[in-house]
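The structure under discussion appears below in the form of structure tokens.
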Amino acid sequence: MSTDPAAVRVRFAPSPTGFLHIGGARTALYNYLYAKKNGGVFILRIEDTDKDRSSLDSFLESITESLNWLGTTPDEGPVVTPREPGVIKDKGGFGPYLQSARQEKGIYKEALDRLVPSGGIYKCYCTPEDLKQRREEAVSKGLEPGYDGRCRDLTQKEKEEFESRGIKYAWRIKTPDEGVLSFDDMIRGKIEVEARMVSDFVIMKSDGMPTYNFACAVDDHLMKISHVIRGDDHISNTHKQMLIYGAMGVPAPEYAHLPQVHGTDGKKLSKRTGAVSVEEYRDMGYLPGALRNYLALIGWSTEDSQQIFKEDELVKKFDLSRCNTSSGIFDPQKLDWMNGKYIREEDPRNLAKMAFRWLNEAGLIDDTDNIPRVIDAIKLEQEKIESLKGIPELIDFLVKDDIKYDEKSVEKRLKKDGVKKVLEDVVGIFEKAPDFTVPGLEEAVRQYVEKEGLGAGRVFHPVRVAVSGRMKGPGLFEMLEFLGREKVLGRMKYAIDHLT
RNA sequence: GGCGCCAUCGUCUAGUCUGGUUUAGGACACAGCCCUCUCAAGGCUGCGACACGGGUUCGAAUCCCGUUGGCGCUACCA
């Protein structure tokens, strides 16, 4: 098509449902990736033609937050600043980006007016109740449930009759009675449907609000959207939108329909089968990079099935034509693995930064600026961290003064014959150790083990539990050095007196 | 019901368009082994799939038809 890369303009157009759904996030991501890959523009548009305005602010705030967190910040779209609640500004020159605001501006009315002279649309005076009844009748007779075209060819007299009775009308678009409606999907190829399957549909409701398909088509056109990348639940809408473009006499954008993301039960992702919003994943301690990477792989892959993508590698390698056609299931286990992978690769300083809220909650950050110490503790446990949220539990015994002794560990490693003597001996060794660092400590302890003719475990295990309160942890000597002589000795003596 | 979309290991997928290079490759999960002071991480091995039935062809996971199944749409919702 166009050779001008700047011509690529894509949009993510959610309706305000409270938060960014994981499936929506995937759609947003693919749009973002496609835009960046092609030097284009990623736009956020809110499809709120049917919602009340009350919850809009919080939705906007939440979706903006989620999009930013995921690293898919829109280039254009509505913007709210926390400092000015209720004030929605536009970023970009194609606003407003809220359909409710566009409606107030008269954009859809104007588009409709331009359509009237063509004769391709007409007023429909049927009431919703009539429509419903007729639809049910048709279905019960085994006929198509679509609109029967009753108002399509009303005479002038009939129209006047309706008007004089003050009956409200909606605007319908005339759809072809025969032939096929077809479009080329970038990832599925040609998608056709018999024209007669699409009956005259409403584009403007009797309350003056545009229907979804009309608003969508008008806005995509006005915002110069070049590619529409969305879920495949919109496939049948596409034929309708193409009809609208046809009536408007403007070219339609390119379309790419993504397969859906389902829950582990194979059904639509729902709270029943796990977390559904980006916010929830953030709050569970996932890294944004991990979620983004994972999401990218539901429905898209490289030729070599690459799993982990660094930095801008995703943008570089993303390719719409390599997208799948079949729906995928969101697998939390694989996300967990990926999250661990990202955590192991991450700089401990950033880990501490990202985990700040949980560190703080757990009381691991104090006012003595112990953050460097926390970072070092994270470094020691890094390979074991599964989520940001789990960090405090992993490092608290390294950072806090007081520790909790795990009952099972005490039972298994301390309350055994001979442990007391071993610990006392080791205390002696530690008191005499010239410096309290890994090499010296390790040598001294191993010498002791050999001299006593014990298995290493007979010494290592009790010391570990005495000092940390648990059986799991970093390498013993790394842990000892980190804790320092004073804490180590204090904890060991406590253990000797109370726990052996 | 009608229409549309989809169909490779339990899951994400490569391979399908351009049939042979495939005893169908990778990743997650699972099992075992190695490493090892614990837990992890890491390494190795194993388990495990072309939904079914016809056709076309010397040859089909790949092309065609049908069946079955899943999902979606069928609104003056988006």
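Order of the sequence lines sets the chain letters (A, B, ...), proteins ahead of strands, with each chain counted from 1.
Within the structure, side-chain hydrogen bond (donor to acceptor under 3.5 Å, both in side chains) contacts touching residues 175-186 of chain A (residues at least two apart or in different chains) are Arg152(A)-Asp177(A), Thr175(A)-Asp200(A), Asp185(A)-His257(A). Applying the ring pair (Phe, Tyr, Trp, His ring centres under 6.0 Å) test to residues at least two apart or on different chains, the pairs with a partner in residues 284-303 of chain A are Tyr281(A)-Tyr286(A), Tyr294(A)-Phe330(A), Trp300(A)-Phe309(A), Trp300(A)-Phe318(A).
Using a 4.0 Å cutoff on non-hydrogen atoms, no part of residues 414-430 of chain A comes near RNA chain B.
For Arg446(A), whose side chain is taken as the heavy atoms from C-beta onward, the closest listed nucleotide among A78(B), C76(B), C37(B) is C37(B).
The interatomic distance linking Glu192(A) (CD) with C3(B) (P) rounds to 15 Å, in whole Å.
Here Ser277(A) pairs with Glu280(A) under the side-chain hydrogen bond (donor to acceptor under 3.5 Å, both in side chains) rule; sequence neighbours left out. Judged as a ring pair (Phe, Tyr, Trp, His ring centres under 6.0 Å), and not counting sequence neighbours, His21(A) has no contacts. Residues satisfying the ring pair (Phe, Tyr, Trp, His ring centres under 6.0 Å) criterion with Tyr212(A), sequence neighbours excluded, are His234(A). Listed by chain and residue number, nothing satisfies the ring pair (Phe, Tyr, Trp, His ring centres under 6.0 Å) test with Tyr122(A) (two or more places apart in sequence, or in another chain). Scored by the ring pair (Phe, Tyr, Trp, His ring centres under 6.0 Å) test, Phe59(A) finds no partners at all (sequence neighbours excluded). Arg188(A) meets the side-chain hydrogen bond (donor to acceptor under 3.5 Å, both in side chains) test with Asp232(A); sequence neighbours excluded.
Using a 4.0 Å cut-off between a side-chain N of Lys or Arg and a carboxylate O of Asp or Glu, Asp130(A) and Arg150(A) do not qualify as a salt bridge. Of the charged side-chain nitrogens involved, none lies within less than 4.0 Å of a carboxylate oxygen, so that Arg135(A) and Glu144(A) do not count as a salt-bridged pair.
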Distances under 3.5 Å between protein N/O atoms and the N/O atoms of nucleotides 23-25 of chain B, please, pair by pair.
| from | atom 1 | to | atom 2 | distance (Å) |
| --- | --- | --- | --- | --- |
| G25(B) | N2 | Ser305(A) | OG | 3.0 |

Any protein N or O atoms within reach of nucleotides 40-43 of chain B? Criterion: under 3.5 Å, listing atom names and distances.
| from | atom 1 | to | atom 2 | distance (Å) |
| --- | --- | --- | --- | --- |
| A40(B) | O2' | Glu383(A) | O | 2.9 |
| A40(B) | N1 | Glu383(A) | OE2 | 3.4 |
| A40(B) | N3 | Glu383(A) | OE2 | 2.7 |
| A41(B) | O3' | Arg344(A) | NH1 | 3.3 |
| G42(B) | OP1 | Lys341(A) | NZ | 3.2 |
| G42(B) | OP1 | Arg344(A) | NH1 | 3.4 |

Within the sub-3.5 Å range, which N or O atoms of nucleotides 70-75 of chain B have a protein N or O partner, and how far apart are they?
| from | atom 1 | to | atom 2 | distance (Å) |
| --- | --- | --- | --- | --- |
| C73(B) | O2' | Ser236(A) | OG | 2.8 |

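Both the sub-6.0 Å distance and the 45° axial angle are satisfied by Arg26(A) relative to the ring of Tyr30(A).
Counting non-hydrogen atoms under 4.0 angstrom, Ser326(A) reaches the backbone sugars and phosphates but no base.
Where Gly457(A) and Pro210(A) meet RNA chain B, the nucleotide closest to each residue was compared, and Gly457(A) sits on the side nearer the 5' end.
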